[in-house]
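The structure appears below as structure tokens.
All figures in this text were calculated on a predicted structure; none of them were measured in a lab. Chain A is the first sequence line, chain B the second, and so forth, proteins listed ahead of strands; every chain is numbered from 1.
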Protein chains: 2
Amino acid sequence: MATQPAAVDRPATIHDIAAKCGVAASTVSRALSTPDRVNIRTRQRIEAAAAELHYTPNSQAKALSSGRTGAVGVLVPDITNPFYFDLIRGTQLQLKAAGYTQLLVDTEESDEVEASTMEQLRKSADGIIVAASRLTDDVLLAAAAKMPMVTINRDVEGVPAVIIDTPSATSQALDHLISLGHARVAYIAGPLTSQSSSLRWIALSEAAVERGVEVRRLGPFAPKTQSGAAAADAAVHSGITACIAFNDLIAIGMLQRLRERGIRVPEDMSIVGCDDIFGADFCNPPLTTMASPIEQAGRVAVSMLLAQLNPLAGGGNRSRSVMPTHLTVRGSTGPAPKVS
Amino acid sequence: MATQPAAVDRPATIHDIAAKCGVAASTVSRALSTPDRVNIRTRQRIEAAAAELHYTPNSQAKALSSGRTGAVGVLVPDITNPFYFDLIRGTQLQLKAAGYTQLLVDTEESDEVEASTMEQLRKSADGIIVAASRLTDDVLLAAAAKMPMVTINRDVEGVPAVIIDTPSATSQALDHLISLGHARVAYIAGPLTSQSSSLRWIALSEAAVERGVEVRRLGPFAPKTQSGAAAADAAVHSGITACIAFNDLIAIGMLQRLRERGIRVPEDMSIVGCDDIFGADFCNPPLTTMASPIEQAGRVAVSMLLAQLNPLAGGGNRSRSVMPTHLTVRGSTGPAPKVS
DNA sequence: CAACATATGGCAATCGGTTGTCATTGCCAT
DNA sequence: ATGGCAATGACAACCGATTGCCATATGTTG
């Protein structure tokens, strides 16, 4: 029985298999990666031996020689933002299904961290997915030239992107508010470097002109619940009756602050959030918000990236994918207060 | 000026630096990793060249030759569970600070996925952090023998662990409920394979005996808000006046369901959650829950793992770290209903 | 100044694979 | 019987770093 020396604890390599089968290591490599290059009989022997030895390829070595790492970097500005949970899950599932590993990095809302991470990932990942980038267009474009990249919620000419169409939902939200009798509305802006925030403001102010209502912009505010207090105070002070917030975190923070100050939602003020994150349905009152298929956006981003990585496989090589969005009406919006 | 051929786009290697400085590649390697092995003057030349060429070591190659990958796997059962956000952020920050990369994997509450991931990570990571493992003690112990490992919320003899002391908080919660006049309490159990859930139940039932109150166990329920409906119905049907839920997700789900059914919280029933996740403070009513320093738990886990990886560096090599927990009282608990 | 210790840097093997190139083999058609 | 082609598998270079060992340069001591 003991034809081989006591099995070493160290994981098996192709050399072990080669020795066991009496072939060269390169043959083993080919049998496993290019099965057609090898006689079916030797291949079967090799496969059997591989199975017996519990062989699993060393991904480092593979990466070194083939140049492909089998990993994809996913950059998000803030891991603890619930918006990214679903996104991350979407990318994770799709990547795993395709045999890739996800390298998740929290860039802490910092463009520097984002840039340096990209540089580092350039060697340790085959491509990257960048959500809500804080970088400028040209930096992003330059980075995309160096490695396959897909952005999420960031539209730069020449860089494949998944766009969640919140601007059009924003107009929808405005219509909703107008139909409830609101005439003075505020947009609670997100970070200045957020393209989403800019685009929404543009869409919103245009829609406002068309509809003849007043919409003012407040902020910028950090996309966190803590910023909601400042946003709420600003909103109250500006004398508007409804606001559309950059995202649900801010909106929820506003809800809390308004409650503290004794201002009723939606009786005294209506609030619309964005993203329909975890929590938007059970806060008090439940938040009217612009919902989008976030997990799906993550999946689509991965598909687009993989299409770049393996151009052979068919599939229209789309460079831009827009995810539909819709308004979900809950309890935080209501008729405008009677007297101003 | 142009002493060198047009800079290639490909990232610089130690050979590029070696050529530029007129030394051997090995010298460059030494200058960068073992500075004392190299003359200070050559070292400075090399460092200058490295900086100029924007050199960054190729982690794959480094891993292959040194055996260390510079990566740490972090396994969580469900990425979308807010509980893990903070944990992940804690590990991420601490790992990054120590120069490690985090490989985040969602094991989808599956022991098989968990086991196979571990096997795969064995070659691509230096160690792993396993949160709320669904594996049995012996499997876990065997895995820990093969690679450095730290568990979170899973106490197995011989495996370093970070334990969030929810059991003692559970007794605290019970006392809180008793002081409010509750005498019939239910424990809404989590997954059967969750050790945390078992330990809490044990602590709770012992405390109940001591205090002479009735505590019954309901479940198991999946740790998701959707399970809250079933849990709420079971709680109502069992005739208790207060319950302690396995975690905040279930508790929040119960809140929603009870509201639908017209059962008032806390007037008709009190609810205590666990973890103090994102959302626990703004749900309706705000949730009384057992809070714990989750992000810190992640950091501690990383520290413990790193201590295993670099035994040289001082620092007591603790094998078990208990994180304190406390009860945060909010609006979901109140006096027991007068009549039963 | 001889003798020896030490500092310094180069060579080459190695990690575990991949892949280009080439030699061998067998089979076919001519 | 022979030339030609395809299939097959071995050899060896290579990916980018690390590291043991050795040769040389330098410095110290008696």
Side-chain angles (χ1 to χ4, degrees), chain A residues 8-47 49-50 53-71 99 101 119-126, chain B residues 8-47 49-50 53-71 99 101 120 122-126:
Chain A
V8 204
D9 193 6
R10 167 183 57 83
T13 73
I14 52 171
H15 295 94
D16 299 329
I17 301 179
K20 194 178 171 72
C21 296
V23 298
S26 53
T27 305
V28 177
S29 172
R30 287 209 170 81
L32 267 22
S33 50
T34 347
D36 295 338
R37 265 302 315 267
V38 150
N39 185 303
I40 186 158
R41 294 179 50 202
T42 33
R43 186 175 92 203
Q44 286 171 342
R45 271 167 47 218
I46 290 173
E47 284 170 348
L53 264 36
H54 294 83
Y55 170 76
T56 16
N58 180 315
S59 50
Q60 322 292 334
K62 208 165 196 161
L64 186 54
S65 54
S66 68
R68 271 170 301 172
T69 63
T101 301
E119 186 54 33
Q120 198 209 318
L121 247 33
R122 198 175 145 200
K123 272 162 310 205
S124 49
D126 294 341
Chain B
V8 203
D9 194 7
R10 167 184 56 83
T13 73
I14 52 171
H15 294 95
D16 299 330
I17 300 179
K20 194 178 171 70
C21 297
V23 298
S26 52
T27 305
V28 177
S29 172
R30 288 203 175 85
L32 267 23
S33 52
T34 347
D36 294 340
R37 265 303 316 269
V38 148
N39 186 301
I40 186 157
R41 294 180 50 202
T42 32
R43 186 176 92 204
Q44 286 171 341
R45 270 166 51 219
I46 290 173
E47 284 170 348
L53 264 37
H54 294 82
Y55 170 77
T56 17
N58 180 315
S59 52
Q60 323 291 335
K62 208 165 195 161
L64 186 55
S65 52
S66 69
R68 271 171 300 172
T69 63
T101 300
Q120 198 209 317
R122 197 177 144 199
K123 272 166 311 215
S124 50
D126 293 342

Please state how far atom [atom1] in [X] lies from atom [atom2] in [N], giving the value in whole angstrom units.
| X | N | atom1 | atom2 | value |
| --- | --- | --- | --- | --- |
| Ile17(B) | dG9(C) | CD1 | C1' | 16 Å |
| Arg30(A) | dG16(C) | CZ | P | 20 Å |
| Arg41(B) | dT8(C) | CZ | P | 11 Å |
| Arg43(B) | dT8(C) | CZ | P | 10 Å |
| Leu32(B) | dA17(D) | CG | P | 9 Å |

Quick one: is [N] close enough that its OP1 or OP2 comes under 4.0 Å of any side-chain N or O from [X]?
| X | N | result |
| --- | --- | --- |
| Ser26(B) | dG9(C) | no |
| Ser66(B) | dA17(D) | no |
| Ser29(A) | dG17(C) | no |
| Asn39(A) | dT8(D) | yes |

Exercise. Kindly point out which of dG9(C), dG17(C), dT18(D) is positioned nearest to the side chain of Ile14(A)?
Key: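 The listed nucleotide nearest to Ile14(A)'s side chain is dG17(C).
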Self-check item: Selected nucleotide, minimal atom distance to Ser65(A) side chain, candidates dT21(C), dA17(D), dT18(C)
Solution: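 For the Ser65(A) side chain, the nearest candidate turns out to be dT18(C).
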Quiz item: Taking for each residue the nucleotide of DNA chain C bearing the nearest heavy atom, is the 5' side occupied by Arg37(A) or by Thr27(B)?
Solution: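 Per heavy-atom nearest nucleotide, the more 5' residue is Thr27(B).
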Quiz item: Mapping Val28(B) and Leu64(B) onto DNA chain C by nearest heavy atom, which one lands closer to the 5' end?
Solution: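 Comparing both residues, the 5'-ward one is Val28(B).
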Practice problem: Tell me what Thr13(B) touches on the nucleic acid: a base, only sugar-phosphate, or nothing, going by heavy atoms under 4.0 Å. | Solution: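 It contacts sugar-phosphate atoms only.
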Detail all sub-3.5 Å separations between protein N/O atoms and N/O atoms belonging to nucleotides 23-26 of chain D.
none

